[in-house]
Protein chains: 2
Amino acid sequence: MKSMASTSEKILDIAQSLIVAGGYNGFSYADISAAIGIRKASIHHHFPTKAELVSALVDRYRQQAEAGLNYLRARVASPAEQLQSYLNYWDTCIRDASQPFCVCAMLAGEMQMLPDEVASRVRAHFHSLAAWLTSVLSAGAEQGLFWLNKRPEEEAHMLMASVHGAMLSARAFGDPALFTTIATTQIAKLTR
Amino acid sequence: MKSMASTSEKILDIAQSLIVAGGYNGFSYADISAAIGIRKASIHHHFPTKAELVSALVDRYRQQAEAGLNYLRARVASPAEQLQSYLNYWDTCIRDASQPFCVCAMLAGEMQMLPDEVASRVRAHFHSLAAWLTSVLSAGAEQGLFWLNKRPEEEAHMLMASVHGAMLSARAFGDPALFTTIATTQIAKLTR
DNA sequence: TGTTATCTACCTACCAGTAGGAAGGTTGGG
DNA sequence: CCCAACCTTCCTACTGGTAGGTAGATAACA
């Protein structure tokens, strides 16, 4: 029994896919309304304002991401495999077009005009992702799995930039394979 | 005597800065109207539709970029310095906030909902930037200035992703220094 | 009986785009 | 040289449609 999602979760699902496609200004309550067969006013019942809707959406996304990443760090043997799993996750998302972009990366591009409550949440996700990557890289370096040229924090920022930039390139060129190439090369450079 | 720009160029200037801030759906003719003190209808006289306006804007941007990059390739001594100049350009733009993002990178994120005429132009810019980086990297490799682990095209794509991702990170974290760090580290890895 | 979820109906503000005209300069013919 | 046709630019005024958001009734459910 899948698809037993509550209405508010269905709203967030649709909104997230719409944001991934077109950003904060790229969707409307009417779009969500049409997509899940509910009136606009009913969406306002669940999320009174657009800023609240997107804030809730980013909160949920961030919580899912943190849970997933912490699961990897706790349950997957080596830092190398943890990193590989993270990159594989996005590679799959991009290849099957299920979620071809990180919703926070999308929103980060629009930072300057986001409501403050949304912008601060997006920033928080970037911080927690950077922290996770830093911890994985430094653990891997201690175990002799990664060779870092710079401090782990800096390498984490480089890696994060590569991943988000690779998403952008895959989209710009219309070629998911571009993400794969960049991701695997990134791993190769760390494990050389 | 600066500021002798024609009205249509003023329109494109404002539109570009608005797109850099908020994307394709993040600005309106009314915004431009307010910014340069002209009526909305007058903007429609110069650019009948929004798609035409943004197409013209991307054409102009692409032409300027290509001219600048080809100038570097022709007039700057070494490929290492050419690459450095390219990165310095963006570093300056981001630090002084004059143009803290590539307009085509911004639009690339919204590819899926851009008018076709705009999307194809954005894609074209990505292709020409990739080609320039490829030629610079392979020239540098031939001269023994760069050490490439992969084919020049792949290294160019990696570099491009890093640059765009670094722009995004600088914006997300609200810290221009992040771009600087990533850019200089990127250079260091190539010249090691 | 509340409470929650949804509905119809509506509001105001804004969107991209159009119609038609006024001002000013440019061009060409007598 | 003058006048008239023309062109470009900008204007006021408007259109149909959509944006986010609200009020209040109804239905389902606890």
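The sequence lines fix the lettering, A, B, ..., with proteins before strands; numbering per chain opens at 1.
Contact annotation: the side chain of B/Tyr61 never approaches that of B/Arg121 to less than 4.5 Å [non-hydrogen atoms, C-beta and beyond].
Contacts classified as salt bridge (charged side-chain N to carboxylate O under 4.0 Å, His left out) and involving residues 47-57 of chain A (residues at least two apart or in different chains) are not found. Residue pairs that meet the ring pair (Phe, Tyr, Trp, His ring centres under 6.0 Å) test with at least one member in residues 163-192 of chain A, sequence neighbours left out, are A/Phe126-A/His164, A/Phe173-B/Phe126, A/Phe173-B/His127, A/Phe173-B/His157.
Classification of A/Arg60 and A/Asp13 as a salt-bridged pair holds, one side-chain N sitting under 4.0 Å from a carboxylate O.
Taking only side-chain nitrogens and oxygens, A/His45 comes nearer than 4.0 Å to OP1 or OP2 of C/dA5. A close approach under 4.0 Å does occur between a side-chain nitrogen or oxygen of A/Thr7 and OP1 or OP2 of C/dT6. Within the 4.0 Å cut-off from OP1 or OP2 of D/dT9, not a single side-chain nitrogen or oxygen of B/Ser42 is found.
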Enumerate donor-acceptor pairs with a distance under 3.5 Å from any side-chain N or O in residues 143-152 of chain A to protein atoms, sequence neighbours excluded.
residue: A/Arg151; atom: NE; partner: A/Glu153; partner atom: OE1; Å: 3.1
residue: A/Arg151; atom: NH1; partner: A/Glu154; partner atom: OE2; Å: 2.6
residue: A/Arg151; atom: NH2; partner: A/Glu153; partner atom: OE1; Å: 2.5

Scan the side chains in residues 35-42 of chain B for donor-acceptor partners under 3.5 Å anywhere in the protein, sequence neighbours excluded, and list what turns up.
none

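Here the P atom of nucleotide D/dT9 and the CZ atom of B/Phe47 are 11 Å apart, to the nearest Å. At whole-Å resolution of the value, CD1 in B/Ile11 and P in D/dC10 are 7 Å apart. The distance between atom NE2 of B/His44 and atom P of D/dT12, rounded to the nearest whole Å, is 15 Å. With rounding to whole Å, B/Glu52 atom CD is found 12 Å from C/dG17 atom C1'. The separation between A/Leu53 atom CG and D/dG21 atom C1' is 13 Å, rounded to whole Å. Atom CD1 of A/Ile43 and atom C1' of C/dT4 are 17 Å apart (whole Å).
Dense packing is recorded around CG of B/Asp96, with more than 12 heavy atoms of other residues, nucleotides or ligands lying under 6.0 Å away. The number of heavy-atom neighbours closer than 6.0 Å to CD of B/Gln63, taken from other residues, nucleotides and ligands shown, is 12 or below.
Checking side-chain atoms of A/Ser33 against main-chain N and O of A/Tyr29 turns up no donor-acceptor pair under 3.5 Å.
Of the residues in residues 25-40 of chain B, those lying under 4.0 Å from DNA chain D by heavy-atom distance are B/Ile38, B/Arg39.
When distances run from any side-chain atom of A/His46 to the nucleotides C/dA5, C/dA16, C/dA9, the shortest one goes to C/dA5.
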Pairs under 3.5 angstrom, nitrogen or oxygen only, protein versus nucleotides 27-29 of chain D, please.
none

